[in-house]
S.K.: 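Here's a structure for you.
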Amino acid sequence: MRALTKLGPAAIDLVDRPARALDAGLVRLEVTATGVCGTDLHLAADEYPCEPPVTMGHEITGIVTEVGSGVSPTWIGRQVACETYFSACETCRECRDGRRNLCRSRRSLGSFEDGGFAPEVVLPALNLHVLPPGLEPVLGVLCEPLACLCNCLLDPSRIAAGDRVLVIGPGALGLLAVQLAAAQGARVTCAGLPADRRRLDVSADLGAQVTTDPPDEETFDVVVECSGAAGGIAAALRAARRRARIVQVGIRGSDLEVPWDLILYKELEVSSGFGSTPASWRRAMDLVAAGSVRLDGLVSDLVPLTEWRRAFALVGSPETIKVALDPQH
């Protein structure tokens, strides 16, 4: 099958890849869509670890078409979203604490095991989450980034009712973070650049105050930094009030200089979360099922896999929100 593959340093392309055998505990999915994440761009630029050759793509939604031994056949035909970890050691302290995302031996889909930029993917049955009834199948690509945000913001909770929350960066992660913060009872402001007007309009529709001006300094109880940009990270440190909380969500991909002393002077609490956990996935799916987080309208572009270069270029455009690849075309 044709699959978008990381072939080596600075090399990705659509090439023929063999289908994976269906061993015990695994399932085969016909991929409906796979989101293009900023991590995929970092991986393409050799800024994220991987083991080539490997089929890229980890924000996967699809239909179960076949199950391996030990897996209930009732999974067949179900539309699912998928956790991203193919395997972990299961014996280290992090695994035993339920934090497989931090296992040093973890092998993830799309970077160390073949992922979803292909017509089909094989992965463990324990990764599967049935999409809530009525959810448009392609929107399932947003469940993985939502689960990552739940890990960052809700486990443990960084946001309390009544908090003033600033979300920096109105991309897909930022718009999901706006909704998560609002669901906790926070008063939310979303900051972007003048070019982000379309995304900021969506944020306003979701109930946030929006701004393209530099955020007010020493104002916010919680700052959620989703851009990964040097300016956004510096603005987060400045916008936080004294003893505030900063949650870094966006991946930078390289070193940078920031006003680090502000952490000391203002006694800031800085935290993050790497990937997702089973608990954060349960939270994410419950929030979607309850309607507390809306996914409709957030997949702005569904692009055939054969046009992957156009899809990757769209990710950086302020006119897009979430770009997804359709591996069936």
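Computed from heavy atoms alone, side chains included, the values below leave out hydrogens, waters and symmetry copies.
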S.K.: Checking salt bridge (Lys or Arg N to Asp or Glu O under 4.0 Å) between Glu218 and each of Arg241, Arg238, Arg242, which is the one that passes?
M.R.: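 That would be Arg242.
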S.K.: For the side chain of Glu225 and the backbone of Ser227, is there at least one donor-acceptor N/O pair under 3.5 Å apart?
M.R.: yes
S.K.: If you look only at distance, which donor and acceptor atoms sit under 3.5 Å apart when one is on a side chain in residues 159-178 and the other is two or more places apart or in another chain?
M.R.:
from   : atom 1 : to     : atom 2 : distance (Å)
Asp163 : OD2    : Ala160 : N      : 2.8
Asp163 : OD2    : Arg245 : NH2    : 2.7

S.K.: For Glu113 and Val54, run side-chain contact (heavy atoms from CB on, under 4.5 Å): C-alpha distance rounded to whole Å, both residues' side-chain angles, the deciding distance at 0.1 Å, then the answer.
M.R.: CA-CA 6 Å; Glu113 301 287 345; Val54 64; 5.5 Å; no
S.K.: Run Arg243 and Glu267 through side-chain contact (heavy atoms from CB on, under 4.5 Å) and show every step you take.
M.R.: CA-CA 5 Å; Arg243 298 188 64 89; Glu267 294 189 9; 2.5 Å; yes
S.K.: Name all residues meeting the side-chain contact (heavy atoms from CB on, under 4.5 Å) criterion together with Glu66; count only those two or more places apart in sequence or in a different chain, and write none if there are none.
M.R.: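 Glu66: side-chain contact (heavy atoms from CB on, under 4.5 Å) contacts with Leu22, Arg28.
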S.K.: Mind listing the closest non-hydrogen atom pair of Pro318 and Ala195 along with its distance?
M.R.: CB-O, 3.1 Å
S.K.: Are any of the side-chain heavy atoms of Cys190 and Leu200 separated by less than 4.5 Å?
M.R.: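 They are in side-chain contact.
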S.K.: Are Leu139 and Lys322 side-chain neighbours, meaning at least one heavy-atom pair lies under 4.5 Å?
M.R.: no
S.K.: Can you name the nearest heavy-atom pair linking Phe220 to Ala244, along with the distance?
M.R.: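 For Phe220 versus Ala244, the nearest heavy atoms are O-CB, 3.4 Å.
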S.K.: Answer yes or no: is there a side-chain heavy-atom contact under 4.5 Å between Glu94 and Asn101?
M.R.: no
S.K.: Any salt bridge linking Asp286 with Arg282? Criterion: basic side-chain nitrogen under 4.0 Å from a carboxylate oxygen.
M.R.: no
S.K.: Over all heavy atoms of both residues, which pair between Ser300 and Arg198 is shortest? Give the atoms and the distance, please.
M.R.: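 In terms of heavy atoms, the two residues are closest at CB-NH2, 4.0 Å.
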S.K.: With a 3.5 Å distance limit and no angle check, can you tell me whether Thr5 reaches the backbone of Ala3 through a side-chain donor-acceptor pair?
M.R.: yes
S.K.: Does any N or O in the side chain of Ser280 come within less than 3.5 Å of the main-chain N or O of Cys148, such that one atom is a donor and the other an acceptor?
M.R.: no
S.K.: Looking only at side-chain N and O atoms, does Arg96 offer a donor or acceptor that is under 3.5 Å from a partner on Thr91?
M.R.: no
S.K.: Taking side chain as C-beta onward, heavy atoms only, is Leu237 less than 4.5 Å from Ile246?
M.R.: yes
S.K.: Can a donor-acceptor pair be found, under 3.5 Å and without considering hydrogens, that links the side chain of Asp46 to the backbone of Pro9?
M.R.: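 Judged by distance alone, no pair lies under 3.5 Å.
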S.K.: Look at the side chain of Thr84 and the backbone N and O of Leu109, then say whether any donor-acceptor pair between them is shorter than 3.5 Å.
M.R.: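 Not at all, since once roles are kept as given, no pair shorter than 3.5 Å links the two residues.
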S.K.: So do Thr277 and Tyr85 actually touch side chain to side chain, heavy atoms under 4.5 Å?
M.R.: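 SC-SC contact between Tyr85 and Thr277 ruled out.
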S.K.: Evaluate the criterion salt bridge (Lys or Arg N to Asp or Glu O under 4.0 Å) for residue pair Arg17 and Asp114; output intermediate values, then yes/no.
M.R.: CA-CA 9 Å; Arg17 298 280 290 166; Asp114 287 337; 2.7 Å; yes
S.K.: Determine whether the side chains of Arg106 and Ser108 contain a donor N or O and an acceptor N or O closer than 3.5 Å.
M.R.: yes
S.K.: Sub-3.5 Å donor-acceptor pair from the side chain of Gln328 to the main-chain atoms of Val31, do we have one?
M.R.: yes
S.K.: With no hydrogens and no angle check, is any side-chain donor or acceptor of Gln179 less than 3.5 Å from a backbone partner on Arg294?
M.R.: yes
S.K.: If you count the non-hydrogen atoms of other residues, nucleotides and ligands that lie under 6.0 Å from CD in Glu257, is the total more than 12?
M.R.: no
S.K.: Locate the shortest heavy-atom distance separating Cys150 from Leu287; write the atom from each residue and the value.
M.R.: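 It is SG-CD1, 3.9 Å.
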S.K.: Do any N or O atoms from the side chain of Arg199 and from the backbone of Thr320 form a donor-acceptor pair under 3.5 angstrom?
M.R.: yes
S.K.: Is there a salt bridge (Lys or Arg N to Asp or Glu O under 4.0 Å) between Asp155 and Arg283 once you walk through the steps?
M.R.: CA-CA 10 Å; Asp155 190 15; Arg283 287 178 183 268; 5.1 Å; no
S.K.: Kindly check if the number of other-residue, nucleotide or ligand heavy atoms within 6.0 Å of CD (Gln209) is above 12?
M.R.: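 No, the 6.0 Å shell around CD holds no more than 12 heavy atoms from other groups.
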S.K.: Working note: Phe312 + Leu4, criterion side-chain contact (heavy atoms from CB on, under 4.5 Å); need CA distance, chi angles, decisive distance, verdict.
M.R.: CA-CA 12 Å; Phe312 275 42; Leu4 184 56; 4.0 Å; yes
S.K.: Heavy-atom distance under 4.5 Å between the side chains of Leu149 and Asn151, does that happen here?
M.R.: no
S.K.: List the steps, then state whether side-chain contact (heavy atoms from CB on, under 4.5 Å) holds for Trp75 with Val130.
M.R.: CA-CA 9 Å; Trp75 278 110; Val130 177; 3.5 Å; yes
S.K.: If you compare all heavy atoms of Ala284 against all heavy atoms of Cys143, which two are closest, and at what distance to 0.1 Å?
M.R.: CB-O, 4.4 Å
S.K.: Over 60° means perpendicular and under 30° means parallel, so tell me whether His129 and Trp281 are parallel, tilted or perpendicular.
M.R.: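 If you compare the ring of His129 with that of Trp281, the planes turn out parallel.
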S.K.: Using the rule side chain to side chain contact (heavy atoms under 4.5 Å, CB included), only one of Leu128, Val141, Thr61 pairs with Cys82; which is it?
M.R.: Leu128
S.K.: Report the C-alpha separation of Glu269 and Arg158 in whole Å, then their side-chain angles, then the decisive distance to 0.1 Å, and conclude whether the salt bridge (Lys or Arg N to Asp or Glu O under 4.0 Å) test is met.
M.R.: CA-CA 10 Å; Glu269 177 186 324; Arg158 308 293 181 187; 3.0 Å; yes
S.K.: Could you give the distance from SG (Cys103) to CG (Asp97), rounded to the nearest 0.5 Å?
M.R.: 12.0 Å
S.K.: Any luck finding a side-chain donor-acceptor pair between Gln79 and Thr32 under 3.5 Å?
M.R.: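 There is such a pair between these side chains.
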S.K.: Is there a donor-acceptor pair closer than 3.5 Å between any side-chain N or O of Lys6 and the backbone N or O of Glu51?
M.R.: no
S.K.: For a quick test of reading the model, state the closest non-hydrogen atom pair linking Thr211 to Asp213 and the distance between them.
M.R.: OG1-N, 3.0 Å
S.K.: Answer yes or no: is there a donor N or O on one side and an acceptor on the other, between the side chain of Arg78 and the main chain of Thr74, under 3.5 Å?
M.R.: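 Checking the backbone N and O of Thr74 against the side chain of Arg78, a donor-acceptor pair under 3.5 Å is found.
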